[in-house]
Participant: 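Mind having a look at this structure? Questions to follow.
All chains are named by letter (A, B, ...) in the order of the sequence lines, taking the proteins before the strands, and each is independently numbered beginning at 1.
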Amino acid sequence: MGTLRRSHACGAVSAADVGSEVVVAGWVQRRRDHGGVIFVDLRDHQGLVQVVFRPEESAESHERAGEFRSEYVILARGTVQRRTPDTVNPKMATGEIEVVAQEVRLLNRATPPPFPLEDNPGVDESTRMRYRIHDLRRSPLQRNLRIRHELYQVARRILCEQNFLEIETPMLTKSTPEGARDFLVPSRLQPGEFYALPQSPQLMKQLLMVAGLDRYFQIVRCFRDEDQRADRQLEFTQIDLEMSFVGVEDVLGVLEKLTAGVFEQVIGVEIRRPFLRISYADAMARFGSDSPDTRIQLELVDLSEAFRESDFRAFRSVIDAGGIVKCLPIHDAQELGRGAVDRLEKFVKKELGAKGLAWIRVAEDGSWQSPIVKFFSDAERATIEQRTAARPGSLLFFQADQAARANAVLSRLRTDLGRQLGRVDERPWDVLFVVDFPIFRRDDDGELTYVHQPFVAPIDEDIPLLATAPERVRGTHYDVVVNGVELGSGSLRNHRADVQRRILEIIGYSKQAAEARFGFLLNALDAGAPPHGGFAYGLDRWVMVLAGVDNLREVIAFPKTQRGQDLLMDAPTVVDQEQLDELQLRLAPPPKRGG
RNA sequence: GGGGCGGUAGUUCAAUUGGUUAGAGCACCGGCCUGUCACGCCGGAAGUUGCGGGUUCGAGUCCCGUCCGCCCCGCCA
């Protein structure tokens, strides 16, 4: 590089620099060699600029430029010139100008890129991940990481303004059987024992509140050893926060400030406050989901009551078994033909585990075409018609199943069909709180278990119900949902040890087990815990939403594949026997496979 | 753990019913070209058809197994 230093980022050279000398450095995006004149699109983190190499300007530079190849790293000194009108490139941000090179230095050669470094390379994801360096050179990923950076900065600033203290918590911590599967780290100093990587700093931040730190936040990596999805990675980042001496409203107030502040300062979007609030019960009833996108103008209708005494066995038996009958009415659905409905049925049965997909189509003459309607009484027909506002052109989809599955299936149809048919209102951003979650639910064995965490505080007036009717206890849990994506969740926590002990008991912990597992927490609560509550945003998901992408891998610099591998570094790998010996670990023989 | 889609040149794809030497675009290499911007023109090289086995005179194609990528269910909040 010598002593020459760049004066401008490639993307930052502008018409204002015409006539002046600049030094630009970057990667050769593309070389167009006309023999006599050579054009190089030079790329850096800010964009592209065209560098022109002319023999009459600098024979040596022109000669060198002939050797340039894609991704070569060069530095060029030259004069910014305005392009003649017929050579302006309107597709390029710097298309009105170009740098005419007087001097050029080759800083490094490069192997040919494994795939074209374009905005939409149309290349397989495994290739992108194996060559992540090249992938990251592309502007969409650079842009996403920039958004991510802005989110860190804005969140920090806003939380600092709100008197939150940034405090780190340990990565090597204690395994707990709750929640997700832990990542374990063997201890060398305590052979045979293991740390766990944190699934979240939940308990640590509660301890900080007990310790009197008042308001804590942390942008923190979390680990959950579960199967991955488009919106779930083994390791992910939370914006974690907790505050003392607060009720639900206080926390929601901070969340509104932070959420709206980020939207405004990161992507320049104003979000109206206060945010819409919807109860969990309402969300499930109307949308079949606890993270609804309310821009989609389709809603579900619960018809369980109408079929409670029905002669239609398929529905009646489900209700008798504690299930529900729900309907997704879509009006003016002529576009959805018989073939489409068949495909939908196949889809929900195969992918979502639905038993079937019953439907009614209202023909133009008002008649009902349906495989099931012949089983309905006149009263049932009338109820359906009235509750769903069915009219000629309507298509009604039914699910009779346990509530969770019926809602899951219809919710999926609601979002898929709503988008497909354009039943979406014009708001680009749909930000809401979902509140009033239940605190307990029945698991598959009929035992009471927690819905979110065992530390969620009940709402005050339901505390007496813990003794008598725990199922009816309402929790203080709340979620922030943006465009149908759950950005994060939080709650007030139990600051009274007796309430916490009772909840642990309800979800099946003996006194001894509770003390063994959570003794440090219970002791902390006993030590004078202030009322406290907080929240955790899934930062990666938030970036995903802000960037308008639908996959976490697009907002993480070095993501893992669905099977948890890092294809760039090739992790995980086997380790040396010495390392295992040191940890006193011995590998079990691989499990036998069939045959 | 289960379901679905996919894996052929660096890359994106094609290859009839199982049938000749597995083709094409881009990229790459060589040559030409003074206003291109997906530059253009001429030429060239490039393949363990993911891997292993089987059926067959013959397998990219059919069968079995296995590995890998993605999406979904379970799981996960």
Participant: Report yes if the distance between the aromatic ring centroids of A:Phe223 and A:Phe236 is under 6.0 Å, otherwise no.
Facilitator: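 Aromatic pair excluded; centres sit 6.0 Å or further apart.
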
Participant: Indicate, with a heavy-atom threshold strictly under 4.0 Å, whether A:Pro121 touches base, sugar-phosphate, or nothing.
Facilitator: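 Nothing: the residue A:Pro121, judged by heavy atoms under 4.0 Å, touches no strand.
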
Participant: Report which part of the nucleic acid A:Gly179 touches: base, sugar-phosphate, or nothing (heavy-atom distance under 4.0 Å, all strands).
Facilitator: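 Sugar-phosphate contact only - A:Gly179 comes under 4.0 Å of backbone atoms but never of a base.
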
Participant: With sequence neighbours left out, write down each residue that passes side-chain contact (heavy atoms from CB on, under 4.5 Å) with A:His34, or none if nothing qualifies.
Facilitator: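 Expected list: A:Arg32, A:Val37, A:Phe39.
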
Participant: Just to verify, what does A:Glu57 make a salt bridge (charged side-chain N to carboxylate O under 4.0 Å, His left out) with, not counting sequence neighbours?
Facilitator: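 For A:Glu57, no residue satisfies salt bridge (charged side-chain N to carboxylate O under 4.0 Å, His left out) once neighbours in sequence are set aside.
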
Participant: Paired with B:U55: which nucleotide, if any, by Watson-Crick or G-U wobble criteria at under 3.5 Å for both distances?
Facilitator: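 No nucleotide pairs with B:U55.
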
Participant: Taking C-beta and beyond as the side chain, do A:Arg493 and A:Thr476 meet within less than 4.5 Å on heavy atoms?
Facilitator: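 A side-chain contact under 4.5 Å is absent here.
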
Participant: Mind listing the N/O atom pairs, protein and nucleotides 24-26 of chain B, below 3.5 Å?
Facilitator:
none

Participant: With both distances under 3.5 Å as the test, what is the Watson-Crick or G-U wobble partner of B:G43?
Facilitator: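 Across all strands, the one nucleotide that pairs with B:G43 is B:C29.
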
Participant: Would you measure the distance from the P atom in B:G60 across to the matching atom in B:U8 and give it in whole Å?
Facilitator: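 It works out to 15 Å between them.
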
Participant: Just to be sure I understand the geometry, which residues of residues 230-238 of chain A put a non-hydrogen atom under 4.0 Å away from RNA chain B?
Facilitator: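 Heavy-atom cutoff 4.0 Å gives A:Ala230, A:Arg232.
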
Participant: If only side-chain N and O atoms of A:Arg181 are considered, is one of them under 4.0 Å from the OP1 or OP2 phosphate oxygen of B:C75?
Facilitator: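 It does not, given that no N or O in the side chain of A:Arg181 lies less than 4.0 Å from OP1 or OP2 of B:C75.
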
Participant: Distance check, C1' atoms only: B:G18 and B:C57, in whole angstrom units.
Facilitator: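 B:G18 and B:C57 have their C1' atoms separated by 12 Å.
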
Participant: Once you apply a heavy-atom cut-off of 4.0 Å, does A:Asp124 come out as touching a base, just sugar-phosphate, or nothing?
Facilitator: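 Sugar-phosphate contact only - A:Asp124 comes under 4.0 Å of backbone atoms but never of a base.
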
Participant: Tell me, please, which residues at least two apart from A:Arg541 pass side-chain contact (heavy atoms from CB on, under 4.5 Å).
Facilitator: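 With neighbours one apart ignored, the set is A:Asp231, A:Arg232, A:Val485, A:Glu486, A:Leu487, A:Leu552.
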
Participant: So what does A:Arg69 hit on the nucleic acid, given a heavy-atom distance under 4.0 Å: a base, only sugar-phosphate, or nothing?
Facilitator: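 Sugar-phosphate only.
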
Participant: If pairing requires Watson-Crick or G-U wobble contacts with both distances under 3.5 Å, which nucleotide is the partner of B:U21?
Facilitator: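 The answer is none; no pair meets the criterion.
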
Participant: If we take the P atom in both B:C72 and B:G50, what is their distance in whole Å?
Facilitator: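 It works out to 26 Å between them.
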
Participant: Is there a Watson-Crick or G-U wobble partner for B:G6 with both distances under 3.5 Å, and if so, which one is it?
Facilitator: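 For B:G6, the partner nucleotide comes out as B:C68, under the 3.5 Å rule.
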
Participant: Considering all heavy atoms of both residues, which atom of A:Leu117 and which atom of A:Pro113 are nearest to each other, and what is their separation?
Facilitator: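 Minimum heavy-atom contact is CG-CB, 4.2 Å.
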
Participant: Using the C1' atom in both, what is the distance from B:U16 to B:U61, to the nearest Å?
Facilitator: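 Pairwise C1' distance, B:U16 against B:U61, rounds to 11 Å.
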
Participant: For a quick test of reading the model, state the closest non-hydrogen atom pair linking A:Arg419 to A:Asp293 and the distance between them.
Facilitator: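 Distance-wise, the nearest heavy atoms are NH2-OD2, 3.8 Å.
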
Participant: Reckon A:Arg229 touches a base, only the sugar-phosphate, or nothing at all at heavy-atom distances under 4.0 Å?
Facilitator: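 The answer is base, as A:Arg229 lies within the cut-off (heavy atoms under 4.0 Å) of a base atom.
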
Participant: Expressed as a whole number of Å, how far does the P atom of B:C39 sit from that of B:A45?
Facilitator: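 Comparing P positions in B:C39 and B:A45 gives a spacing of 25 Å.
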
Participant: Counting only pairs under 3.5 Å, give me each side-chain donor-acceptor contact of residues 477-484 of chain A, with atom names and distances, residues two or more places apart or in other chains.
Facilitator:
| from | atom 1 | to | atom 2 | distance (Å) |
| --- | --- | --- | --- | --- |
| A:His477 | ND1 | A:His452 | ND1 | 3.4 |
| A:His477 | ND1 | A:Gly490 | O | 3.3 |
| A:His477 | NE2 | A:His452 | NE2 | 3.1 |
| A:His477 | NE2 | A:Asp479 | OD1 | 2.8 |
| A:Tyr478 | OH | A:Ser491 | N | 3.3 |
| A:Tyr478 | OH | A:Ser491 | O | 3.2 |
| A:Tyr478 | OH | A:Gly534 | O | 2.9 |
| A:Asn483 | OD1 | A:Asp430 | N | 2.7 |
| A:Asn483 | ND2 | A:Pro428 | O | 3.2 |

Participant: Which donor-acceptor pairs under 3.5 Å do side chains of residues 78-87 of chain A form with protein atoms, sequence neighbours excluded?
Facilitator:
| from | atom 1 | to | atom 2 | distance (Å) |
| --- | --- | --- | --- | --- |
| A:Thr79 | OG1 | A:Gln102 | OE1 | 3.3 |
| A:Thr79 | OG1 | A:Gln102 | NE2 | 3.0 |
| A:Arg83 | NE | A:Gly95 | O | 3.3 |
| A:Arg83 | NE | A:Ile97 | O | 2.9 |
| A:Arg83 | NH1 | A:Thr87 | O | 3.1 |
| A:Thr84 | OG1 | A:Asp86 | OD1 | 2.8 |
| A:Thr84 | OG1 | A:Thr87 | OG1 | 2.9 |
| A:Thr87 | OG1 | A:Thr84 | N | 3.3 |
| A:Thr87 | OG1 | A:Thr84 | O | 2.9 |

Participant: Suppose we screen for side-chain contact (heavy atoms from CB on, under 4.5 Å). Which residues come up paired with A:Gln402, at least two apart in sequence or across chains?
Facilitator: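 If we apply the side-chain contact (heavy atoms from CB on, under 4.5 Å) test to A:Gln402, skipping adjacent residues, the hits are A:Ala321.
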
Participant: For A:His34 and B:U36, is the gap between ring centres under 5.5 Å while the planes differ by less than 30°?
Facilitator: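 A stacking contact does not exist, since A:His34 is not both close and nearly parallel to the base ring of B:U36.
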
Participant: Looking for any heavy atom pair under 4.0 Å, which part of the strands does A:Gln565 touch: base, sugar-phosphate only, or nothing?
Facilitator: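 Sugar-phosphate contact only.
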
Participant: Only counting residues at least two apart or in another chain, list the ones meeting salt bridge (charged side-chain N to carboxylate O under 4.0 Å, His left out) with A:Lys326.
Facilitator: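 Expected list: none.
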
Participant: Using a heavy-atom cut-off of under 4.0 Å over every strand shown, decide if A:Asp290 touches base, sugar-phosphate, or nothing.
Facilitator: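 Contact class for A:Asp290: base.
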
Participant: Kindly write out the residues that satisfy salt bridge (charged side-chain N to carboxylate O under 4.0 Å, His left out) with A:Asp342, not counting sequence neighbours, or none if the list is empty.
Facilitator: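 Counting only residues at least two positions away or on another chain, A:Asp342 forms a salt bridge (charged side-chain N to carboxylate O under 4.0 Å, His left out) with A:Arg338.
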
Participant: Regarding A:Gly122, tell me which of base, sugar-phosphate or nothing describes its non-hydrogen contacts under 4.0 Å with the strands shown.
Facilitator: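 Result for A:Gly122 = sugar-phosphate.
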
Participant: Between B:G7 and B:A14, how far is it from one P atom to the other, in whole Å?
Facilitator: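 About 8 Å, rounded to a whole number of Å.
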
Participant: Identify, with sequence neighbours excluded, every residue that meets side-chain contact (heavy atoms from CB on, under 4.5 Å) alongside A:Val575.
Facilitator: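 Residues passing side-chain contact (heavy atoms from CB on, under 4.5 Å) with A:Val575: A:Gln579, A:Leu580.
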
Participant: Please list residues of residues 548-564 of chain A whose heavy atoms come under 4.0 Å from any atom in RNA chain B, ordered by number; otherwise none.
Facilitator: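 Those residues are A:Asn551, A:Arg553, A:Thr561, A:Gln562, A:Arg563.
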
Participant: Under the criterion of centre distance below 5.5 Å and interplanar angle below 30°, is A:Phe39 classified as stacked on the base of B:U36?
Facilitator: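 Yes, aromatic ring over the base.
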
